[in-house]
Colleague: 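Before I ask anything, here is the structure I am working with.
Numbers for residues simply follow the sequence, beginning at 1.
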Amino acid sequence: MLEVRDLAVSFGRIRALNGVNFSVDGPEIVTLIGANGAGKSTTLRAIAGVAKPSRGSVVLDGEDVAGRPPAQVVSAGITLVPQGRQLFGSMSVRENIELGAFVHAKKSDVSADIDKWVDFFPEIAEHLSSRAASLSGGQQQIVALIRGLMARPRLLMLDEPSIGVAPIVVRRIGEELTRLSREAGVPIVLVEQNIAFAFDIADRVVILAQGRDVHTGPPDPLRDPNVLARYFFGDVAVTRQPAAPYVERSTPQ
């Protein structure tokens, strides 16, 4: 479904990613974890077209979208729900949700999709006319999620959806993401710093270190702190493969 191969991103002389590889196979939840600066959010941004890859491929259902502008990536079927929700607080919930449907041409399609996802997340129904800023953090996260779904994605990506919400709400968000994957059949790629939350909802976990993937597998074996520490603090991250030499590329004029 999604194949990310040898994905690399540089910001000037800084290599943020240096060969990330993982896949998503159908309606599952794949969680990216790693220490700060490991390249988790940059991976999502590169897939979404916000950060331009210096090499590698992002293949969605046989179509390579690597390096395309964000709007074209969304049209191809990949949507990113950014960290911090980024709602327009002075606008209504409905208006915020409608912004996610810019790829649709028909107003009737937008209304039908709003009805569909409000039925799926019924607690939002009574708040459609409310200002987005008046909602709780958890409710705002659900609104941001619905906004992402309005693009009708074949793959939904979320950057740290647990950030800034209470633990009990984190649990609720996890339940909703699991339900979204299982019942609505939406494949999900998730970046998380909350390891317990990431393991609870993941079908597979990808560990990043120094801009590379160093482990991919089910979450349960990683619940052993000693095993997890090996990837975060041991030698695995630096011995998987040597870093490729940096080659500065000239920018076309």
Side-chain angles (χ1 to χ4, degrees), residues 1-2 4 9 24 27 29 41-53 58-135 137-161 163-164 173 176-177 179-181 183-191:
M1 197 249 156
L2 177 75
V4 176
V9 174
V24 181
I29 299 177
S41 293
T42 301
T43 298
L44 296 193
R45 290 167 60 84
I47 294 171
V50 180
K52 190 173 181 62
V58 177
V59 179
L60 180 69
D61 291 335
E63 180 182 9
D64 192 353
V65 299
R68 292 188 185 179
Q72 292 184 18
V73 175
V74 173
S75 295
I78 299 176
T79 297
L80 171 62
V81 178
Q83 183 182 129
R85 300 179 284 275
Q86 297 187 21
L87 301 179
F88 292 92
S90 62
M91 294 170 57
S92 71
V93 168
R94 175 179 282 275
E95 288 169 334
N96 273 277
I97 290 173
E98 287 174 343
L99 291 174
F102 72 93
V103 295
H104 301 329
K106 294 182 180 178
K107 208 167 186 178
S108 59
D109 291 344
V110 175
S111 295
D113 284 357
I114 291 176
D115 291 343
K116 170 186 174 180
W117 292 117
V118 167
D119 284 345
F120 198 85
F121 302 105
E123 71 180 79
I124 300 302
E126 61 187 272
H127 298 291
L128 285 176
S129 60
S130 302
R131 290 172 60 250
S134 69
L135 272 60
Q139 290 170 331
Q140 288 185 25
Q141 186 61 64
I142 297 298
V143 172
L145 182 58
I146 296 174
R147 181 184 59 190
L149 290 166
M150 289 296 292
R152 298 180 179 176
R154 287 185 280 166
L155 175 76
L156 183 69
M157 303 190 300
L158 298 98
D159 194 353
E160 297 201 44
I163 196 167
I173 291 172
E176 295 298 353
L177 291 176
R179 190 164 67 98
L180 188 62
S181 174
E183 296 182 16
V186 178
I188 295 172
V189 176
L190 183 75
V191 158

Colleague: What distance do Arg94 atom CZ and Ile114 atom CD1 have between them, rounded to the nearest 0.5 Å?
Modeller: 4.5 Å
Colleague: Can you give me the closest heavy-atom contact between Val110 and Ala101, atom names plus distance?
Modeller: CG2-CB, 3.8 Å
Colleague: Treating Arg85 as the side-chain partner and Val143 as the backbone partner, does any N or O pair qualify as donor plus acceptor under 3.5 Å?
Modeller: no
Colleague: Show the nearest heavy-atom pair for residues Gly89 and Arg131, with the distance to one decimal.
Modeller: O-CB, 3.6 Å
Colleague: Donor-acceptor pair, distance only, cut-off 3.5 Å: does the side chain of Arg154 make one with the backbone of Ala76?
Modeller: yes
Colleague: Among Thr79, Leu80, Val24, find the residue that satisfies the side chain to side chain contact (heavy atoms under 4.5 Å, CB included) test when tested with Met157.
Modeller: Leu80
Colleague: Counting C-beta onward and ignoring hydrogens, is there a side-chain heavy-atom pair between Val9 and Arg45 closer than 4.5 Å?
Modeller: no
Colleague: After noting the C-alpha distance and the side-chain angles of Arg68 and Val58, does the key distance pass the side chain to side chain contact (heavy atoms under 4.5 Å, CB included) rule?
Modeller: CA-CA 10 Å; Arg68 292 188 185 179; Val58 177; over 6 Å; no
Colleague: At what distance, to the nearest 0.5 angstrom, does CG of Leu180 lie from CG of Leu149?
Modeller: 5.5 Å
Colleague: The test is side chain to side chain contact (heavy atoms under 4.5 Å, CB included); show your working for Met91 and Leu99 and say whether it passes.
Modeller: CA-CA 11 Å; Met91 294 170 57; Leu99 291 174; 4.0 Å; yes
Colleague: Distance check, rounded to the nearest 0.5 Å: Glu126 atom CD versus Ile124 atom CD1?
Modeller: 8.5 Å
Colleague: Rounded to the nearest 0.5 Å, how far does CD of Gln86 lie from CD of Gln140?
Modeller: 12.0 Å
Colleague: Set out, in order, the CA-CA distance, both residues' side-chain angles and the distance that settles side chain to side chain contact (heavy atoms under 4.5 Å, CB included) for Glu95 and Phe88, then state yes or no.
Modeller: CA-CA 9 Å; Glu95 288 169 334; Phe88 292 92; over 6 Å; no
Colleague: Is there a donor-acceptor pair under 3.5 Å between the side chain of Arg179 and the backbone N or O of Phe120?
Modeller: yes
Colleague: In Å, rounded to the nearest 0.5 Å, how long is the span from CD1 of Ile173 to CG of Leu145?
Modeller: 8.5 Å
Colleague: Step by step, would you call Trp117 with Ile97 a side chain to side chain contact (heavy atoms under 4.5 Å, CB included)?
Modeller: CA-CA 10 Å; Trp117 292 117; Ile97 290 173; over 6 Å; no
Colleague: From Glu98 CD over to Ile146 CD1, what is the distance, rounded to the nearest 0.5 angstrom?
Modeller: 12.5 Å
Colleague: If you look at every heavy atom in Leu177 and Ile188, which pair is closest and at what distance?
Modeller: O-CD1, 3.6 Å
Colleague: So which heavy atom on Ala132 is nearest to which on Asn96, and how close?
Modeller: CB-ND2, 3.5 Å
Colleague: Donor-acceptor pair, Gln83 side chain versus Asp159 backbone, under 3.5 Å?
Modeller: no
Colleague: Main chain of Ala71, side chain of Ser75: is a donor-acceptor contact present, judged purely on distance under 3.5 Å?
Modeller: yes
Colleague: Check Leu156 against Val81 and note the closest heavy-atom contact, atom names and distance.
Modeller: CD1-CG2, 3.9 Å
Colleague: I'd like to know if the side chain of Gln72 and the backbone of Pro69 have a donor-acceptor N/O pair within less than 3.5 Å.
Modeller: no
Colleague: Considering all heavy atoms of both residues, which atom of Gln139 and which atom of His127 are nearest to each other, and what is their separation?
Modeller: NE2-NE2, 3.5 Å
Colleague: Flag the pair Met1 / Asp61 as yes when at least one side-chain heavy-atom distance between them is below 4.5 Å, and no otherwise.
Modeller: yes
